[in-house]
Amino acid sequence: MTKILLTGFVPFLDYKINPTMKIVEKLNGEIMDGYEITGRILSVDFQQSAQQLKQYIAEIKPQIIISLGLAGGRFKITPERIAINIKDGEADNIGYTPVDESIYDDGVDAYMTNLPIRNMVNRLCKEGFPAEISNTAGTYLCNNIMYEGLLYAKQHKEVRAGFIHIPASFDLAIQHGKIPGWNIQDLITGIRLCIEEAIRVSSCDVD
Ligand code: PCA
C-alpha cells in the first residue's frame, strides 16, 4: 500500500502540551483512498530529530511526508511554503542553542514544498477552517525538519513533502494563558483535509 509518513513533535519550551502528538496518534494507521498513514513523533532536538526522520523514511518509504508543528500564537492552520538552510533560535529540549548555523554547510539556501498548499488552504477555508499559506517556518526545529523532508523529496522525484504549522489546542491555550486555541477535533479534521488534498495530487503523479 502507498504510504504517508505523518510526524509530530513532543512538547517544547513553555508549551507543556504539543497538539501535533494527539493528531498524529489519532491518524496513525488510518487508510485514506488507498494511502496508509503512519504516524511518528519526533524529539525537539536538532541532532536527534533529523536522524529520527531519516530513519522513519527509510523504514516506511513514504510517497508523501507531512510534518506537523505547533506554532503557538497563530490563529490559523498554516501550510508552509519554504524551508531555509538555517538553524537559529531558542534552546532545543537538550539545551542546544544554534546561532546562525547552516543545516548543511553545502546545502542549498532553501527548498519549496511540492505539497499542494494552495489546494489545502482553499479546501480548509471552504470547509470553514481558517487557513493561509505561511511563507516562513521559522528557523527552529520545524524549519529544520521541513528542510530534511524536502531534501529527501528533491532526491526522490516521486515523493511529495512539506510541513503544516497548527495553532494551539484549547487545553494548551488554557495552560499557556496567552495564545489562541482550537478544538482538537477541528485540528484533526483540518489535517485530514490537507492529507486528502496531498493524496489527490500524489495519485496523479503515479497514474
Ligand atoms: N513547533 C516548533 C518545534 C516543535 C513544534 O511543534 C517549531 O515551530 O519550530
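In listed order, ligands and their atoms are each counted from 1. Atom set for the values below is all heavy atoms of this structure, side chains included, hydrogens, waters and symmetry mates excluded.
In this structure, the side chains of M21 and F9 stay at 4.5 Å or more apart for every pair of heavy atoms. Inter-residue side-chain proximity for I65 and V159 is flagged as met; some heavy-atom pair is nearer than 4.5 Å.
Residue-ligand proximity: T20 is placed with every non-hydrogen atom at 4.0 Å or more from ligand 1.
Every atom of ligand 1 is numbered from 1 in the order shown, and the set under 4.0 Å from a heavy atom of H165 is 7 (C), 8 (O). In the vicinity of C142, heavy-atom distances shorter than 4.0 Å reach the ligand 1 atoms 1 (N), 2 (C), 3 (C), 4 (C), 5 (C), 7 (C), 8 (O), 9 (O).
In this structure, K22 pairs ionically with D171, as a charged nitrogen and a carboxylate oxygen lie closer than 4.0 Å.
Scanning for salt bridge (Lys or Arg N to Asp or Glu O under 4.0 Å) contacts around R200 gives E197, with sequence neighbours left out.
At a 3.5 angstrom cut-off on N or O pairs, A137 does not count as close to ligand 1. Residue G69 places no N or O, backbone or side chain, under 3.5 Å from any N or O of ligand 1. Of the N or O atoms in N143, none lie within a sub-3.5 Å distance of an N or O in ligand 1.
Under 4.0 Å from ligand 1, not a single heavy atom of Y15 appears.
Ring pair Y140/F46 is perpendicular by interplanar angle, where above 60° counts as perpendicular and below 30° as parallel.
Nearest protein neighbour of atom 5 (C) of ligand 1, counting heavy atoms only, is F12 CE2, 3.2 Å.
For residues 89-102, the salt bridge (charged side-chain N to carboxylate O under 4.0 Å, His left out) pairs, not counting sequence neighbours, are K87-E101.
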